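Values below: every heavy atom of this structure, side chains too, minus hydrogens, waters and symmetry copies. Keep in mind that what you see is a predicted model, and the values were worked out from it rather than measured. Residue indices begin at 1 and follow the sequence shown.
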Amino acid sequence: MRPTPVHHEKVKVPVIKNILYAIKVLYKANKSYMIWHMIDMGVYTLFINFFQTVLFLRVLLSIIEGNSDFSYYLKTLALFFIIGIVYEFLSVFSDYKCLVGEKKTFKALNNMIFEKAAQVDISCYEDPAFYDKYQRATEIISNSYFFSFAISLSQIIGNMIAFVSVIGIVISINPAYLIFLAPILCVFAFEILKSKVFYKRSLEMTKNNRMKAYTQRTVFLKDFSKDMRTSNIFFVMIERFNRAIRNNIEIVKKYGVKLFILSMISSVFGEFIPIVGTYGLAGYQFIYTDDLSISGFSVVLSSINAIRSATITIADCFASLSEIAFYFHNLREFFDYESKVVSGELEPGDFKSLELKNVSFKYPGAKKYSLRGVNLKINKGQTVAVVGVNGAGKSTLVKLLLRFYDPDEGEILYNGVNIKEYNANSLRLKFSTVFQDYKTFALSVNENVMCRNCTEEDKQIAERALKQSGVYEKIAQLPNGADTVLTREFDENGAGLSGGEAQKTAVARMFAGNFDIAILDEPSSALDPIAEYKMYENLILATKDKTVIYISHRLSSAVLSDNIFVLGEGTVIESGSHAELMAKDGEYAKMFTLQASSYNKRGEEDGYEEIG
């Protein structure tokens, strides 16, 4: 795996614009979060760098030189004490508000990212470039960049206040010191350059970091554990992991010299010139002229150290802020993504018909069409089977019906109207779908079936659905019945299900739903032929007067269907009832005869009765 090349035009991102965007996003997530950080850091830097380090020292030395009396000192000390009490109160209270605000901001940003991720096109999940953007966007949360941004910005503002305050003291002593402080302004330019180099480096490491994260994730997932332990795939994954780290090391070396040079130049302008210049001038004035008193000399040195400290902090924070702002640029790109599947405004009515007219489609970047010139119609109340070998385009058809993708050619009509005219979410709710790659979640069985927090009434509905799908007897034996969580990852009393049981639980979602059209995409892939046939019988009874579409390369469902569409190489090659297609003695008849003989042979070996 080679390091991912970075094109320079991709990283020319406006720093200030991204900083302003970051402030906008954080303000939207939590309006008071940034304000309390600024208050916290503002009172800290002003108290430490100005009142404590410079102002109080000047008053004390002025008294020593005889320029003020002791009563003035006591008054100043009392004022300093009051300011200290106020500082401590504001510091403790703002720390509390910042901690609470951090949790709220974390939640709000997560929800914003989750909501956007749920809205993007399904095609995005098959695009590595999108995944890279998504990962860089989520780093705002996972790496707490939003917290670092708030800290850096508040430190800049707080230290700028202290910087200006101390500069005022220095100017009152001798404006000439500004000559040696001016180079500090150059530091910001070099820090911006450093932040861009850091970002380029990070960008090149994204692909390697994704591989590291993938390996770390899969090694601990149950779904991969058996294959990891019964093959050499574990060592292949570890090698990919190690290669990703080696690539990252090379990337770090690649940018190391440039970052070193920029850091050295920044130090010269930010520390060497200001300190040497101001110390030299102050020493000259104190020793060879009468322009600087002892108090003035001490205050100048103290002030310069305070200015130096504030400058270094501002420069470092500005560099950090600039770098983090690039990640907010990624977040902005992610939020600004516009779906290619654009929802319409019409609300779909009760289902009457579904029709595909000359529909063709190929996946983004693919050379071959997955569907080509497909024509079919399904009417209300029909039970339809779409069959064909693996790769014939059956699952692609489901994705088009649900508007995960739009056809490249032709149109899909719901009740005679192009589905693009309908609200996409409302249209999808007309379907109850069991996908080929069904999933159960780390929730209770009831929640997996109902897809919501369950009331007692919901639990009764879930129980009926589990009975209809044929898995209730197994669920009833679990420690907490249907309230058992389907994993032990978060609950020691949780339970795991076999592939067939998990698939039946997924099918139960359909039985529990209120839908017009049921789509079952390979709903019995984990079931044996007898269990498959029984499940289809239950489906026929449970979906009476409903429209059912079976998508399968196994033909048990076809026997029970009103109409069958046979897909081959992305097009409809045959259609008709089971009896009609068997009479044609075409592709369907060959497939059915082959599968039936396999079922019969297996039934004889296992003692099953003949089916079909």
Side-chain angles (χ1 to χ4, degrees), residues 221-226 383 429 431-515 517-546 548 550-552 554 556-557 560 599 602-603 605-609 611:
L221 286 178
K222 174 185 174 183
D223 292 346
F224 298 92
S225 60
K226 295 176 183 177
T383 299
L429 290 176
F431 297 86
S432 181
T433 309
V434 180
F435 292 103
Q436 179 178 350
D437 51 349
Y438 60 90
K439 299 294 180 186
T440 55
F441 298 88
L443 302 169
S444 72
V445 176
N446 283 325
E447 289 168 329
N448 267 279
V449 173
M450 300 304 297
C451 299
R452 58 177 178 260
N453 293 324
C454 294
T455 63
E456 288 303 316
E457 183 180 353
D458 287 333
K459 292 180 180 182
Q460 293 176 6
I461 296 172
E463 180 178 326
R464 286 197 300 270
L466 290 166
K467 289 178 178 178
Q468 289 172 319
S469 68
V471 73
Y472 180 74
E473 289 184 7
K474 169 63 180 179
I475 299 300
Q477 296 172 8
L478 296 178
N480 296 313
D483 287 322
T484 304
V485 175
L486 290 183
T487 179
R488 292 188 179 91
E489 185 174 355
F490 306 112
D491 187 343
E492 62 181 13
N493 293 319
L497 299 177
S498 69
E501 291 161 352
Q503 191 164 40
K504 290 176 181 178
T505 303
V507 171
R509 290 178 194 152
M510 186 206 70
F511 286 123
N514 181 21
F515 58 90
I517 310 164
I519 298 180
L520 297 103
D521 184 7
E522 302 284 4
S524 57
S525 57
L527 305 182
D528 62 67
I530 300 300
E532 176 186 39
Y533 189 79
K534 290 180 178 178
M535 186 191 74
Y536 282 133
E537 284 187 319
N538 288 337
L539 283 171
I540 295 297
L541 294 173
T543 57
K544 188 176 181 181
D545 299 326
K546 299 282 188 179
V548 182
Y550 296 108
I551 310 291
S552 182
R554 289 162 64 168
S556 298
S557 57
L560 305 173
Y599 286 175
R602 192 183 310 173
E605 293 174 352
D606 297 338
Y608 295 157
E609 295 180 2
I611 66 172

> Thr484: what forms a side chain to side chain contact (heavy atoms under 4.5 Å, CB included) with it, not counting sequence neighbours?
Replying inline: Leu478, Pro479, Asn480, Ala495

>> Using the side-chain hydrogen bond (donor to acceptor under 3.5 Å, both in side chains) criterion, which residues pair with Lys474? Sequence neighbours excluded.
In response: none

>> Quick check for you: to the nearest 0.5 Å, what is the distance between Met510 atom CE and Gln468 atom CD?
In response: 8.0 Å

> Could you give the distance from OG (Ser444) to CG (Leu486), rounded to the nearest 0.5 Å?
Replying inline: 7.5 Å

> If every non-hydrogen atom of Val449 is compared with every non-hydrogen atom of Ala512, which pair is closest and at what distance?
Replying inline: CG1-CB, 3.8 Å

>> So, taking the atom named SG in Cys454 and the one named CD in Gln460, what distance separates them when rounded to the nearest 0.5 Å?
In response: 11.5 Å

> Taking only residues two or more places apart in sequence or in another chain, which ones pass side-chain hydrogen bond (donor to acceptor under 3.5 Å, both in side chains) with Asp483?
Replying inline: Asn446, Lys459

> Considering residues at least two apart in sequence or located in another chain, which fulfil the salt bridge (Lys or Arg N to Asp or Glu O under 4.0 Å) criterion with Glu447?
Replying inline: none

>> In the structure I gave you, are the side-chain heavy atoms of Phe511 and Arg464 within less than 4.5 Å of one another anywhere?
In response: no

> If you take all heavy atoms of Tyr550 and Thr383, which pair is closest and at what distance?
Replying inline: CE1-CG2, 3.3 Å

>> Return the CZ to CG distance between Arg509 and Leu466, rounded to the nearest 0.5 Å.
In response: 11.0 Å

> For Gly470 and Lys504, which heavy atoms make the closest approach, and how far apart are they?
Replying inline: O-NZ, 3.7 Å

> Checking Asn448 side chain against Val445 main chain: does a donor-acceptor pair fall under 3.5 Å?
Replying inline: no

> Taking only residues two or more places apart in sequence, or in another chain, which ones meet Thr505 in a side-chain hydrogen bond (donor to acceptor under 3.5 Å, both in side chains)?
Replying inline: none

> Among Val548, Ile551, Thr433, which one satisfies side chain to side chain contact (heavy atoms under 4.5 Å, CB included) with Leu520?
Replying inline: Val548

